[in-house]
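Accompanying notes for the structure given below.
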Amino acid sequence: MTSPETPVREAGQDFIRDIVTADRDAGRVGEIVTRFPPEPNGYLHIGHAKSICLNFGVAQEFGGRCNLRFDDTNPTKEEQEYIDAIERDVAWLGFDWGGKAVHASDYFEQLYAWAVDLIRAGKAYVDDQSQEEMRAARGTLTEPGTDSPFRSRSVEENLDLFARMRAGEFPNGARVLRARIDMASGNINLRDPVLYRILHAVHPRTGTAWCIYPSYDFAHGQSDAIEGVTHSLCTLEFADHRPLYDWLIENLPVPSRPRQYEFARLNLTYTLLSKRVLTELVRGGHVDGWDDPRMPTIAGLRRRGVPPEAIRDFIGRIGVARADSLVDIAMFEASIREILNRSAPRRMAVLRPLRVVIENYPEGEGETLEAVNNPEDPEAGTRTIRFTRELYVEREDFMEVPEKKFYRLFPGNEVRLRYGYFVTCREAVKDDAGEVVELRCTYDPATRGGESPPDGRKVKATLHWVSAADAVPAEVRLINPLFTDPEPAPGNFAASLNPAAREVLTGCMLEPAAVAGNDAAPIQFERLGYFSRDRDSQPGAPVFNRVVGLRDSYARQAARGNG
RNA sequence: UGGGGAAUCGUCUAAUGGUAGGACAGCGGACUCUGACUCCGCCAGUCUAGGUUCGAAUCCUAGUUCCCCAGCCA
């Protein structure tokens with residue numbers, strides 16, 4: 001079990017860790033064993049990251065182990081692609097599961113034997129009812145169910161039928177194996193739950209070896225027991241299944257007694273975390289795939305440029321509890337900035353270029369200036385940038401008629417060009433349509449390198465810029481929340497899909513050092529945000545994704561003024 | 001009207017009968033060659049009503065609100 005730093009909790013720990021601590025201190029358990037049990041029917045998302053960090057984190061903190069176990073009991077939905085993607089994502093998040101992943105399917109033979117034990121003990125029976133009949137006989141939330149006419153078959157007949165189910169004598173849906181518990185239970189999960197169903201399907205791991213598959217309820221707890229899991233952590237919706245989990249453990253000769261604990265799943269504003277919705281987004285072509293940078297999947301976040309440290313930091317900050325919650329996406333963004341601020345090299349890039357001509361700078365000449373790579377990290381050193389007569393600045397850094405508190409470029413105003421010179425805007429050149437197409441400026445040679453001038457003159461803004469002759473054109477994709485509604489309705493997600501979730505900007509101008517390396521390690525475009533090279537980049541045609549923007553108190557205050 | 005769970009600043013989360021604390025967000029200020037970062041300050045909470053107690057977020061009683069469960073999904 002290896003993983004980078006675990007966030008330190010200031011006060012108290014969460015209730016899960018309290019329980020584990022108490023169990024350990026009371027000697028109720030030896031080695032702490034947990035597991036992360038994904039079903040390989042989709043990609044992992046940030047909600048899974050909460051479970052991953054919890055399960056692997058607890059095991060690590062208590063010197064135990066955590067298995068990566070695939071809950072692969074439904075071959076009609078599961079695929080090898082998902083198995084591979086899940087392993088890749090968990091590893092990327094920084095966790096390791098001791099060499100090889102395990103699978104519920106590894107235990108199919110043992111599970112089958114235990115099902116036979118249950119039949120022998122009169123605690124399970126083969127039911128011939130159709131799905132509709134079973135549903136009708138299950139009762140409702142307020143009315144008890146009624147016993148199946150097949151409920152009191154003889155052990156011999158049940159044994160025979162179950163063996164023939166396995167042998168493939170019956171079609172899908174013809175029969176199921178059910179636990180014999182209590183059709184009148186207030187807990188519907190105890191109304192003779194299905195243990196095995198017939199599924200003539202090719203399983204990604206066991207192929208066609210089986211045509212009957214255990215249900216989640218029958219496979220999960222027993223798999224936990226086989227692996228010696230001490231604390232089986234799952235989300236709240238399984239709380240109703242705990243009595244069944246315990247019933248099976250108590251009625252089967254399992255090698256250990258795991259205990260299940262439930263915690264609240266993660267919900268995020270402007271985000272939908274449900275495999276059903278995410279799958280529809282992919283299949284419906286609303287996004288370009290599971291790793292589309294707009295997706296809340298681990299693969300999408302990775303491609304967007306979010307570092308795994310930021311995900312871990314975020315999960316550490318939100319804590320673990322049993323109350324339903326909806327976490328502000330701003331908290332996730334804060335974690336991303338926290339990590340990237342100290343690690344991302346700084347570069348200059350102009351997203352929406354506005355040409356600037358420095359009138360008193362000699363034509364055809366240029367010079368090399370020095371720029372700091374990361375003010376948060378002196379070790380990161382410096383780089384050089386080119387200054388010439390023609391530059392690009394950000395369009396929104398110019399206002400012909402400045403609103404109050406606007407300190408940037410406007411006719412007559414002087415600003416600092418970062419690491420460059422003080423420049424004063426003399427005139428805005430417009431085209432026939434009245435659009436500003438160029439700024440005529442002058443510079444002060446006494447301010448080279450961005451230093452303040454000898455006369456002590458001050459300037460209220462420092463702008464980013466790039467030399468027109470040296471700039472590298474690029475495409476930049478601004479990634480925004482996928483939904484416009486802070487709490488989108490899962491059943492009608494299309495209604496709140498954000499058409500501006502990806503804004504594609506072309507003709508962006510970057511300083512050459514921004515594309516010097518070839519890796520996707522995020523860099524900060526000064527004053528704009530953190531950006532990461534996308535794999536869509538071609539030689540000479542780089543593409544960047546915005547990981548997250550910088551905090552922008554000017555924009556906030558301006559928006560407030562307009563609102 | 002069955003069963004299971006949960007209610008603490010706007011949001012997330014601590015406090016385990018003894019000063020309701022932290023983070024995010026917001027607001028104000030300092031600093032600044034990034035309107036970033038950093039630093040300082042402010043704002044703001046125990047679902048309601050009773051009860052027990054010297055003392056209640058915590059214990060008791062009665063309510064209220066919200067979430068989950070009627071797959072041969074997990």
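Throughout, protein chains are lettered first and strands after them, A, B, ... in sequence-line order, and every chain is numbered starting at 1.
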Pull out every protein N or O sitting under 3.5 Å from an N or O of nucleotides 40-45 of chain B, one pair per line with the distance.
none

Polar atoms only, N or O, under 3.5 Å: list the protein pairs with nucleotides 7-10 of chain B and their distances.
none

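Spacing between B/rC12 and B/rA44 at atom C1', rounded to whole Å, works out to 15 Å. Using atom P as the reference point in both B/rA23 and B/rC39, the two lie 10 Å apart (nearest Å). Comparing B/rC9 with B/rC43, their C1' atoms are spaced 9 Å from each other, to the whole Å. The separation of B/rA57 from B/rG63, taken at their P atoms, amounts to 23 Å, rounded to a whole angstrom. Distance noted for atom C1' between B/rU58 and B/rG4: 23 Å (whole Å). Taking atom C1' on both B/rC59 and B/rG55, the two are 13 Å apart, rounded to the nearest angstrom. When the P atom is compared between B/rC24 and B/rA20, the two are found 23 Å apart, to the nearest whole Å. Across the P atoms, B/rA6 and B/rC73 are found 29 Å apart, a figure rounded to whole Å.
Proximity of the aromatic rings of A/Y213 and A/F108 is defined here by a centroid distance below 6.0 angstrom, and this criterion is met. Separation of the A/Y421 and A/Y443 ring centroids falls under the 6.0 Å cut-off.
Sorted by first and then second residue, the pairs that involve residues 163-175 of chain A and meet salt bridge (Lys or Arg N to Asp or Glu O under 4.0 Å), not counting sequence neighbours, are A/E109-A/R166, A/D128-A/R175, A/D160-A/R164, A/R164-A/E169.
Counting distance only, with no hydrogens placed and no angle test, the side-chain atoms of A/R408 and the base atoms of B/rG35 include a donor-acceptor pair under 3.5 Å. Residue A/R317 places no side-chain atom within donor-acceptor reach of the base of B/rU13, judged by atom type and a 3.5 Å distance cut-off alone. Remark: the A/Q524 side chain and the B/rU34 base include a donor-acceptor N/O pair separated by less than 3.5 Å.
The side chain of A/D18 has B/rU16 as its nearest neighbour among B/rC37, B/rU1, B/rU16.
Between A/K50 and A/E143, the residue anchored nearer the 5' end of RNA chain B, judged by the nucleotide with its closest heavy atom, is A/E143.
Base engagement by A/K405 is indicated by at least one non-hydrogen atom pair under 4.0 Å involving a base atom. A/R242 comes within contact range of no nucleotide atom at all, as no heavy-atom separation falls under 4.0 Å. Among the heavy atoms of the strands, none lies under 4.0 Å from A/P144. Contact annotation for A/L326: backbone-only contact, meaning every heavy-atom pair under 4.0 Å involves sugar-phosphate atoms and none involves a base.
Straight-line distance from the CD1 atom of A/I339 to the P atom of B/rC24: 13 Å, rounded to whole Å. At whole-Å resolution of the value, CD in A/E403 and C1' in B/rG35 are 13 Å apart.
Qualifying ring-ring contact (aromatic ring centres under 6.0 Å, His included) partners for A/F238, counting only residues two or more places apart in sequence or in other chains: A/Y216, A/H241. Residues passing the ring-ring contact (aromatic ring centres under 6.0 Å, His included) test with A/F483: none are found, sequence neighbours excluded. Applying the ring-ring contact (aromatic ring centres under 6.0 Å, His included) criterion to A/W247, with sequence neighbours excluded, gives no partner residue. For the salt bridge (Lys or Arg N to Asp or Glu O under 4.0 Å) test, residues two or more places apart in sequence or in another chain that qualify with A/D127 are A/R178. For A/Y261, the side chain to side chain contact (heavy atoms under 4.5 Å, CB included) partners are A/I16, A/I19, A/D23, A/H231, A/L233, A/R259, not counting sequence neighbours. For A/V282, the side chain to side chain contact (heavy atoms under 4.5 Å, CB included) partners two or more places apart in sequence, or in a different chain, are A/V287, A/W290, A/M295.
Note on A/R418 versus A/E526: salt bridge recorded, some NZ/NE/NH1/NH2 to OD/OE distance being below 4.0 Å. Here A/R265 pairs with A/E237 in a salt bridge; the nearest charged N to carboxylate O distance falls below 4.0 Å. Salt-bridge check for A/R69 with A/D224: passed, with a basic side-chain N closer than 4.0 Å to an acidic carboxylate O.
Side-chain nitrogen and oxygen atoms of A/S553 include at least one within less than 4.0 Å of the OP1 or OP2 phosphate oxygen of B/rA36. The shortest distance between the side-chain N/O atoms of A/R551 and the OP1/OP2 oxygens of B/rC37 is below 4.0 Å.
In RNA chain B, stems built from 3 or more consecutive Watson-Crick or G-U wobble pairs, each with both distances under 3.5 Å, span B:2-7 with B:64-69, B:10-13 with B:21-24, B:26-30 with B:38-42, B:47-51 with B:59-63.
Between A/F387 and A/W465, the ring planes are perpendicular. Angles over 60° get that label, and only those under 30° would be called parallel.
Base orientation at B/rG10 is anti, since its O4'-C1' glycosidic dihedral falls outside 90° of 0.
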Taking protein heavy atoms under 4.0 Å as touching, what does nucleotides 65-74 of chain B look like 5' to 3' if B marks base contact, S marks sugar-phosphate-only contact and - marks none?
--SBBBSBSB

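Here the rule is salt bridge (Lys or Arg N to Asp or Glu O under 4.0 Å) with A/D397, and of A/R527, A/R352, A/R416 only A/R527 fits it.
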Check: residues 130-137 of chain A side-chain donor-acceptor pairs under 3.5 Å, at least two apart:
unit_1 : atom_1 : unit_2 : atom_2 : d
A/S130 : OG     : A/E132 : N      : 3.4
A/S130 : OG     : A/E132 : OE1    : 3.4
A/S130 : OG     : A/E133 : N      : 3.1
A/S130 : OG     : A/E133 : OE1    : 3.3
A/E133 : OE1    : A/S130 : N      : 2.7

